[in-house]
Chemist: 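This is the structure I want to talk about, given as structure tokens.
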There are 2 protein chains.
Amino acid sequence: MPEWVCGGSKINDDAVCSLGRLIGDQQKAEKRIRELSSLVVTIEGEDPDGTVEVLKAVADPCRLRIIKLLKEGELCVCEIMAALDRRQSSTSHHLSVLKEAGLVRERKDGKWSYYRIADGAVMEMLKQAEVLKKK
Amino acid sequence: MPEWVCGGSKINDDAVCSLGRLIGDQQKAEKRIRELSSLVVTIEGEDPDGTVEVLKAVADPCRLRIIKLLKEGELCVCEIMAALDRRQSSTSHHLSVLKEAGLVRERKDGKWSYYRIADGAVMEMLKQAEVLKKK
DNA sequence: GGTTTATATCGATATATATTGATACTCTAT
DNA sequence: ATAGAGTATCAATATATATCGATATAAACC
């Protein structure tokens, strides 16, 4: 028979209950969940959504290709557009996402805009992603 | 007056034309675009979409939090669910995305499933993303 | 000035993906 | 076997985002 009543409405309560059965001790289960919750508080303090913005920026087929193109050096919008065979508005949109996320920098020269990779960490990040790719 | 006719329908042709005006030499512009196109061919050979899958897996608020939780060590689904206050089906979905992408590994023990980070490269990748975060 | 050109932005649509509730699967214990 | 529990999967919906065409902005040239 069930040792402890689990009538809570919150998701947490269900989990405490499950964990109680797993560990065989509800007290310890509650303590464990409290620890995890405070760990989440710590994580929240580290601005995870800022990190998500950076990751989302490269986590797109088109934008990843742009970054890989820029490895060679600065390119103007029309070059990127041609290389990827994407329309101008689409290319421009992707570049602005990358710029917003701080992955690339823009340099204006007259009518032309040139883009380049903002920081070495960008390629380092990709290197790690590629390590994970095929495992 | 325009030195070269640009009536092509492909995106590439427009770009060659623009670039020709920028460089002041259409021949060189065509060569440049050809070089970039072959660079793209090289990039395609590197399985960029595999890399995108890895990046997409972490580029989500919920999944990033899961990874950060797992930094402490192995957790079972009910613990993750409680910590993030997400429903079971949602939590399970995110874990399967992370597993598919090779970022976490699963260990089954009876009814329980435990997840852990698959490779040190995961945290290294995040570290680089965090470097880029606030610039 | 007006025109052309390079890029950015906008509104509409299409596509992808997160979430939810329900159901299925699987293990354990009775 | 049957029931209960932990997890996975499914179908429907909601939300986010990529793409497209059109337009706006801004610079260069006549």
Side-chain angles (χ1 to χ4, degrees), chain A residues 1-4 6 11 14-24 29 49 52-53 55-66 75-82 84-101 104 106-115, chain B residues 1-6 11 14-24 29 49 52-53 55-66 75-82 84-101 106-115:
Chain A
M1 68 290 279
E3 285 82 14
W4 29 75
C6 302
I11 289 168
D14 290 348
V16 170
C17 192
S18 293
L19 205 57
R21 277 186 293 266
L22 172 58
I23 302 177
D49 293 333
V52 167
E53 189 196 1
L55 291 164
K56 266 185 169 167
V58 265
D60 174 274
C62 194
R63 290 194 291 266
L64 178 65
R65 283 163 174 81
I66 291 174
L75 292 176
C76 74
V77 177
C78 69
E79 289 174 308
I80 297 168
M81 189 180 137
L84 299 178
D85 200 42
R86 280 271 176 290
R87 291 181 188 281
Q88 185 271 321
S89 63
S90 184
T91 306
S92 184
H93 166 248
H94 287 303
L95 286 167
S96 82
V97 171
L98 288 170
K99 194 174 76 169
E100 273 306 300
V104 303
E106 188 188 16
R107 180 176 67 85
K108 294 241 187 200
D109 182 13
K111 284 185 292 190
W112 280 271
S113 292
Y114 295 88
Y115 287 86
Chain B
M1 68 289 281
E3 286 80 17
W4 28 74
V5 182
C6 302
I11 290 167
D14 290 348
V16 169
C17 193
S18 294
L19 204 58
R21 277 185 292 266
L22 172 58
I23 302 177
D49 294 332
V52 166
E53 189 196 1
L55 292 163
K56 267 185 169 168
V58 266
D60 173 274
C62 193
R63 290 194 291 266
L64 179 65
R65 284 162 174 80
I66 291 175
L75 292 175
C76 74
V77 176
C78 69
E79 288 174 309
I80 296 168
M81 189 180 138
L84 298 178
D85 201 43
R86 281 271 176 291
R87 291 179 190 281
Q88 184 270 321
S89 63
S90 184
T91 306
S92 184
H93 167 248
H94 287 304
L95 286 168
S96 82
V97 172
L98 288 170
K99 194 174 74 166
E100 273 306 300
E106 187 188 16
R107 179 176 68 86
K108 294 241 186 200
D109 183 13
K111 286 185 290 191
W112 280 273
S113 291
Y114 296 88
Y115 286 85

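FYI, side chains are in, hydrogens and waters are out, and symmetry mates aren't considered; it's all heavy atoms of this structure. Chain letters run A, B, ... following the sequence lines, proteins first and then strands; every chain starts at 1.
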Chemist: Please test A/Asp49 against B/Arg65 for salt bridge (charged side-chain N to carboxylate O under 4.0 Å, His left out), starting from the C-alpha separation and ending with a verdict.
Modeler: CA-CA 9 Å; A/Asp49 293 333; B/Arg65 284 162 174 80; 3.1 Å; yes
Chemist: Report the residues that fulfil side chain to side chain contact (heavy atoms under 4.5 Å, CB included) with B/Glu106, sequence neighbours left out, ordered by chain and then residue number.
Modeler: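 If we apply the side chain to side chain contact (heavy atoms under 4.5 Å, CB included) test to B/Glu106, skipping adjacent residues, the hits are B/Lys99, B/Lys108, B/Ser113, B/Tyr115.
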Chemist: If I take atom CH2 in residue A/Trp112 and atom C1' in nucleotide C/dT5, what distance separates them, rounded to the nearest angstrom?
Modeler: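 It works out to 7 Å between those atoms.
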Chemist: Rounded to whole Å, please give me the gap between CG in B/Leu98 and P in D/dA8.
Modeler: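 The answer, rounded to whole Å, is 12 Å.
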Chemist: Dot-bracket, 5' to 3', for DNA chain C please: Watson-Crick or G-U pairs under 3.5 Å, [ ] where pairs cross earlier ones, | where the partner sits on another strand, dots elsewhere.
Modeler: ||||||||||||||||||||||||||||||
Chemist: Rounded to the nearest Å, what distance is computed from the CZ atom of residue B/Arg107 to the C1' atom of nucleotide D/dT7?
Modeler: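 Spelled out: CZ on B/Arg107 to C1' on D/dT7 is 15 Å.
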Chemist: Expressed as a whole number of angstroms, how long is the span from A/Asp109:CG to C/dA6:P?
Modeler: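 In whole Å, C/dA6 P lies 13 Å from A/Asp109 CG.
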Chemist: Would you indicate what A/Tyr115 reaches in the nucleic acid, counting non-hydrogen atoms under 4.0 angstrom: base, sugar-phosphate, or nothing?
Modeler: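 Sugar-phosphate, backbone atoms only, no base.
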Chemist: With the side chain counted from C-beta on, respond yes when B/Asp109 and B/Tyr114 share a heavy-atom pair under 4.5 Å apart, and no when they do not.
Modeler: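 Yes, close enough: below the 4.5 Å cut-off.
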Chemist: Could you tell me the separation between the CD atom of B/Glu106 and the P atom of D/dT7, rounded to a whole number of Å?
Modeler: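 Roughly 10 Å, once rounded to whole Å.
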Chemist: Name the nucleic acid region contacted by B/Glu79, choosing base, sugar-phosphate or nothing; use a 4.0 angstrom heavy-atom cut-off, strictly under.
Modeler: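 Counting heavy atoms under 4.0 Å across all strands, no contact is made by B/Glu79.
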Chemist: I'd like to know whether A/Arg87 forms a side-chain contact (heavy atoms from CB on, under 4.5 Å) with A/Thr91, so could you lay out the CA-CA distance, the side-chain angles of the two residues, the decisive distance to 0.1 Å, and finally the verdict.
Modeler: CA-CA 6 Å; A/Arg87 291 181 188 281; A/Thr91 306; 5.9 Å; no
Chemist: Taking atom P of D/dG6 as reference, at what distance in whole Å does atom NZ of B/Lys111 sit?
Modeler: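 Distance, rounded to whole Å: 5 Å.
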Chemist: How does each nucleotide of nucleotides 18-25 of chain D score, in 5' to 3' order, for protein heavy atoms under 4.0 Å: base (B), sugar-phosphate only (S), or none (-)?
Modeler: SBBBB---
Chemist: Using side-chain contact (heavy atoms from CB on, under 4.5 Å), reason through A/Leu95 and A/Ile66 one step at a time and then give a plain yes or no.
Modeler: CA-CA 8 Å; A/Leu95 286 167; A/Ile66 291 174; 3.9 Å; yes
Chemist: Counting only side-chain heavy atoms from C-beta out, which of D/dA5, C/dT7, D/dT7 sits nearest to A/Ser92?
Modeler: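 Nearest to the side chain of A/Ser92 among the choices is C/dT7.
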